Amino acid sequence: MKTNLQIVCLILATQIWMGCNDESLGFSSLQCADDVPGSGENCVWEPAANTDGVVRVNSAEDLEIRCNERCAEVDWLAMGGLPGVETIEGLNFLEKAGEISIGSAQDLHTIQGFEGLESLYRLSLSTNQNLEFVKAFPYVDEIASVELSFNIILPDLSMFERVKRIGLKDELLPAQGLVIDSNYALVDLRGMENVEFISAFYIQYNRGMETLDGLESAEELSYLQVDNNPILHSLGSLGETVKRVPLGIRMMNNPLLKRCEVEAFIAGLEEEPEIVELTNLSEEPCD
């Protein structure tokens, strides 16, 4: 049964901006009032002085200011710290963002909303050690750069269910793309079934990663690096679907991944990658 304070928080959260927080209840949420897609003003959020051009939200009070401004565009929104905050939701009035980064939010469990956002250049979710549920950005289908790192209980990649392209195809050196680094609860790439193209794709230091199943629509990766995934034992659907990796393949320190499987994958590509580096893979024979 909910206590009175929990009920009040839940009621008010549908009417006004607030950050309800009571450590004894374990309840805390950040959102804005009357927050629906298309309600943003025709303006760009301006950063505070001495913030290197970054709009920073580190507390409930910071978000209240931005809720009142209600601009539809932001160049770089950085949300971090946020002590006691378990849920970020809403911000549906945002329509265009250069970068959104959410990091070092130790109590954060859920990110949802951003339902009006149609253009996002870069996304970074990093060192959110209790982040388990991301149901946001439902109308973003292309992102130039994504970093997911040290979200150690994040169970899947369902945040990408509407995304079709990650990275810029025309880059000679694909610095942009997707980095999946040290997300220990991920066992595969489930959630990425609709992704058709990734420029640079780094999969590294994921202790629980077992296969690369889930990447079912991507025929081209500009560059692929799979590094230090100690129990990864199969390329899964990535090895069946991808037909082009022109700029290079590096697979290193994946001791259960069979070299013969990787070599067969490379042999089946439409063209030979410019770089191939295979080190510390399993020498066990393929069936």
Side-chain angles (χ1 to χ4, degrees), residues 120-126 134 137 140-151 154 156-184 186-254 257 261-266 268-279 281:
L120 174 61
Y121 188 83
R122 185 174 192 274
L123 173 66
S124 173
L125 304 179
S126 178
V134 181
F137 322 109
V140 174
D141 61 8
E142 182 172 349
I143 310 175
S145 177
V146 179
E147 177 189 358
L148 303 177
S149 61
F150 291 96
N151 305 292
L154 186 70
D156 59 46
L157 300 171
S158 57
M159 70 185 79
F160 295 121
E161 61 185 11
R162 293 287 299 271
V163 176
K164 295 185 179 298
R165 296 174 59 85
I166 302 175
L168 306 176
K169 188 171 183 178
D170 295 334
E171 289 187 309
L172 295 177
L173 295 174
Q176 310 289 347
L178 174 59
V179 177
I180 299 176
D181 182 351
S182 303
N183 299 283
Y184 301 153
L186 291 180
V187 299
D188 54 31
L189 303 179
R190 283 176 298 130
M192 300 187 67
E193 287 82 1
N194 293 318
V195 176
E196 298 174 356
F197 169 80
I198 304 172
S199 56
F201 191 8
Y202 297 85
I203 306 168
Q204 56 196 28
Y205 299 98
N206 300 289
R207 295 177 183 173
M209 186 76 71
E210 298 179 8
T211 81
L212 302 186
D213 277 323
L215 198 68
E216 298 178 358
S217 302
E219 295 190 357
E220 180 173 349
L221 315 173
S222 294
Y223 173 83
L224 174 63
Q225 181 165 318
V226 183
D227 184 10
N228 280 283
N229 303 283
I231 64 172
L232 179 69
H233 60 81
S234 171
L235 296 178
S237 58
L238 182 150
E240 300 168 359
T241 304
V242 173
K243 301 303 180 186
R244 299 185 71 248
V245 193
L247 295 183
I249 294 175
R250 287 188 168 96
M251 298 203 181
M252 304 169 289
N253 304 314
N254 305 289
L257 182 62
E261 180 183 356
V262 176
E263 290 176 341
F265 162 62
I266 294 171
L269 296 174
E270 293 177 358
E271 61 183 87
E272 184 177 352
E274 291 183 14
I275 299 168
V276 174
E277 181 180 346
L278 310 177
T279 58
L281 304 178

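Counting begins at 1 with the first residue of the sequence. These figures come from a predicted structure and were not determined experimentally. We use all heavy atoms of the structure for the numbers below, so side chains are in, but hydrogens, waters and symmetry mates are not.
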A quick test of your reading: do over 12 heavy atoms of other residues, nucleotides or ligands sit less than 6.0 Å from [atom1] of [X]?
{"X": "Glu272", "atom1": "CD", "value": "no"}
{"X": "Arg207", "atom1": "CZ", "value": "no"}
{"X": "Glu263", "atom1": "CD", "value": "yes"}

Which heavy atom of [X] sits nearest to which heavy atom of [Y], and what is that distance?
{"X": "Leu232", "Y": "Ser234", "value": "CD1-O, 3.6 Å"}
{"X": "Asn183", "Y": "Phe150", "value": "OD1-N, 3.7 Å"}
{"X": "Ser199", "Y": "Gly167", "value": "OG-CA, 3.3 Å"}

Is any side-chain heavy atom of [Y] closer than 4.5 Å to one of [X]?
{"X": "Asn253", "Y": "Leu281", "value": "no"}
{"X": "Leu257", "Y": "Val262", "value": "yes"}
{"X": "Tyr223", "Y": "Pro273", "value": "no"}
{"X": "Leu154", "Y": "Val134", "value": "yes"}
{"X": "Leu178", "Y": "Met192", "value": "yes"}
{"X": "Ile249", "Y": "Val226", "value": "no"}
{"X": "Ile143", "Y": "Val140", "value": "yes"}
{"X": "Pro246", "Y": "Glu271", "value": "yes"}

Taking the side chain from [X] and the backbone from [Y], do they hold a donor-acceptor pair closer than 3.5 Å?
{"X": "Asn151", "Y": "Leu125", "answer": "yes"}
{"X": "Asn229", "Y": "Met209", "answer": "no"}
{"X": "Thr241", "Y": "Ala218", "answer": "no"}
{"X": "Asp227", "Y": "Met251", "answer": "no"}
{"X": "Asp141", "Y": "Lys164", "answer": "no"}

Separation of [Y] [atom2] from [X] [atom1] (nearest 0.5 Å):
{"X": "Glu193", "Y": "Ser217", "atom1": "CD", "atom2": "OG", "answer": "8.0 Å"}
{"X": "Leu212", "Y": "Leu215", "atom1": "CG", "atom2": "CG", "answer": "8.5 Å"}
{"X": "Arg190", "Y": "Phe160", "atom1": "CZ", "atom2": "CZ", "answer": "14.0 Å"}
{"X": "Leu148", "Y": "Leu157", "atom1": "CG", "atom2": "CG", "answer": "6.5 Å"}
{"X": "Ile198", "Y": "Ile166", "atom1": "CD1", "atom2": "CD1", "answer": "5.0 Å"}
{"X": "Glu277", "Y": "Gln225", "atom1": "CD", "atom2": "CD", "answer": "8.0 Å"}

### Task
Could you tell me which residues satisfy side-chain contact (heavy atoms from CB on, under 4.5 Å) with Asp213, sequence neighbours excluded, listed by chain and number?
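Checked Asp213 against side-chain contact (heavy atoms from CB on, under 4.5 Å); matches are Asp188, Thr211, Ser237.
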### Query
Less than 4.0 Å between a side-chain N and a carboxylate O, is that true for Lys243 and Glu220?
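Between Lys243 and Glu220 there is no salt bridge, as every charged N stays at least 4.0 Å from the carboxylate O atoms.
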### Query
Could you walk me through whether Arg122 and Glu147 pass the side-chain contact (heavy atoms from CB on, under 4.5 Å) check?
CA-CA 8 Å; Arg122 185 174 192 274; Glu147 177 189 358; 3.4 Å; yes
### Query
Side chains of Ser126 and Ser149: donor-acceptor distance under 3.5 Å anywhere?
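Indeed, the side chains of Ser126 and Ser149 share at least one donor-acceptor pair under 3.5 Å.
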### Task
Evaluate the side chain to side chain donor-acceptor pair (under 3.5 Å) criterion for residues Gln204 and Asn228: first the C-alpha distance (whole Å), next the side-chain angles of each, then the deciding distance (0.1 Å), finally the verdict.
CA-CA 5 Å; Gln204 56 196 28; Asn228 280 283; over 6 Å; no
### Message
Pair His233, Glu210 - check side-chain contact (heavy atoms from CB on, under 4.5 Å), show working.
### Response
CA-CA 6 Å; His233 60 81; Glu210 298 179 8; 4.0 Å; yes
### Task
Could you please spell out the steps behind the side-chain contact (heavy atoms from CB on, under 4.5 Å) verdict for Ile180 and Leu189?
CA-CA 10 Å; Ile180 299 176; Leu189 303 179; 4.1 Å; yes
### Task
Measure from the ring center of Tyr184 to the ring center of Tyr205 and say whether it is less than 6.0 Å.
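Ring centres of Tyr205 and Tyr184 not closer than 6.0 Å.
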